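Written below as structure tokens is the structure these notes are about.
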Amino acid sequence: MTGSDWQDAYAARMMRVFGTPLAHLVRGEGAHVWDAEGRRYLDFLAGIAVNALGYAHPVFVEAVSRQAATLTQVSNYFSTPPQLALAERLLRLTGAEAADGRAYFANSGTEAIEAGVKLARLTGRPRILALVNSFHGRTMGSLSVTGKQALREPFEPLLPGVEFIDSTVEALEAALGGDVAALIVEPIKGEAGVLPLPEGYLAAARELTARHGALLILDEIQTGAGRTGDWFAFQRAGIVPDAVALAKGIGGGMPLGALVAFGPAAELMGPGHHGSTFGGNPLATAVGDAVLAEIERADLVTNARRRGAQLTDVVLGLGSALVTGVRGAGLMLGVALAQPVAPAVVTAALGHGLIVNAANPETIRLVPPLTIGDEEIGEFGERFAEALRTVEAVIEEGDA
Ligand code: PLP
């Protein structure tokens, strides 16, 4: 399908939950994708911080092919080697192994959070704290702890007992008490505009939640699996959470989510408390295990840190009056703009063969594959500069 054909088909057949798609993509390789008309794009969105190894990576392709030819779905009445291998790897990488941790497997980020919300409920305490402007997913439990009123409103009433607090230690201190089950936080609020928590917040949150006997549940769905230049962002803060929700990058493009719980929190769930037909299936877990093994082998965590610094220098070095700064960590970056023109920058970038995303009207989000090197960063610099110049020219015309 080319031209307006796919647009017509999309408009007629797809439920209207998303905006008009930016392009009709047919193929990907490395950090590039191609549309139906053969146009090539450098993709610095990577399936929204998912495709850690890029597209069609030989390790990913081999793992999918091998496991598809071996065993794909058996239900949780059975155990399989890939499931246990991935559990072992995740427990080791998160440090949960040393804390008698346990893994629960799901198929998406929102499902990983649902498991975390259920974990919180199992404490028997009624209140759950979450942050203003947070994003934890679209299913009803995850939506209940998502701090964006506009997303929640059409679906109220949601879960009772959830309170949204500002991202300050003072607000947390004021809200905590013996009736709080858990605090759920993202180390860097991705959907809100790549907004890191204040320095020292996670360490203080760990100390305060422990003092009140509340769980600290981290949403590392976007920040996890090496993206921020650490395996998990909480490790940079030097803390051990009670649970961490994972998805996106741990599957490298295969739908896969997980909740890893540490210590006593790992014992809260018992038989019958939770489950999923597909969760932990051998296909998804084999691919997840292969993706994480490749991130380890190629040391893509270090690459994320190094390339993130390089990318920041490139963006700031463009000298665009539109760019006021770069925030984030590793390869999870937000380019702050002087005006609310991020959607226009996205459109202009697409026209120059570059895929980026508007995390909010004043922020361009960059979450490329963790495999990027000098070549991709050089190409990004050229295309992003062109996109910024296009938007600057439109602004100047408007001002004239
Ligand atoms: N939590 C965070 C921090 C996310 O960024 C997302 C998705 O963007 C989710 C949860 C929901 O994940 P999913 O879309 O896989 O359900």
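From a predicted model like this one, the values you see are computed outputs, not experimental measurements. Counting starts at 1 for both ligands and their atoms, in listed order.
No more than 12 heavy-atom neighbours from other residues, nucleotides or ligands sit within 6.0 angstrom of CD on Glu199.
Between the side chains of Arg327 and Thr363, at least one donor-acceptor pair of N or O atoms lies under 3.5 Å. Defined by atom type and a distance below 3.5 Å, a donor-acceptor pair is missing between the side-chain atoms of Glu186 and Ser134. Residues Glu191 and Asn133 bring no donor and acceptor atom of their side chains to less than 3.5 Å of each other.
In this structure, Arg27 does not pair ionically with Asp35, as no charged nitrogen and carboxylate oxygen lie closer than 4.0 Å. Contact check on Arg227 versus Glu220 returns no salt bridge, with no Lys/Arg side-chain nitrogen under 4.0 Å from an Asp/Glu carboxylate oxygen.
Contact annotation: for Glu186 versus ligand 1, heavy atoms closer than 4.0 Å belong to the side chain alone. Residue Thr110 touches ligand 1 through backbone and side chain together, judged by heavy-atom distances below 4.0 Å. Under 4.0 Å from ligand 1, not a single heavy atom of Arg138 appears. At a 4.0 Å heavy-atom cut-off, ligand 1 does not touch Glu111 at all.
Taking every non-hydrogen atom of Glu191 and a distance limit under 4.0 Å, the qualifying atoms of ligand 1 come out as 5 (O), 8 (O). For ligand 1, the atoms lying closer than 4.0 Å to a non-hydrogen atom of Asp219 are 1 (N), 2 (C), 3 (C), 10 (C).
The shortest heavy-atom distance from Ile113 to ligand 1 is not under 4.0 Å. Using a non-hydrogen distance threshold of 4.0 Å, Lys248 registers as a contact of ligand 1.
Among protein heavy atoms, atom 5 (O) of ligand 1 sits closest to Gln222 NE2, 2.7 Å.
Taking the six-membered ring for Trp and thresholds of 30 and 60 degrees, Phe262 and Phe234 have ring planes more than 60 degrees apart, a perpendicular arrangement.
Checking Thr80, Asn281, Leu283 one by one against Leu71, the side-chain contact (heavy atoms from CB on, under 4.5 Å) holds for a single residue, Thr80.
Atom 13 (P) of ligand 1 lies below 4.0 Å from at least one non-hydrogen atom of the protein.
Looking at ligand 1, you'll find an N or O of Gly109 within less than 3.5 Å of one of its N or O atoms.
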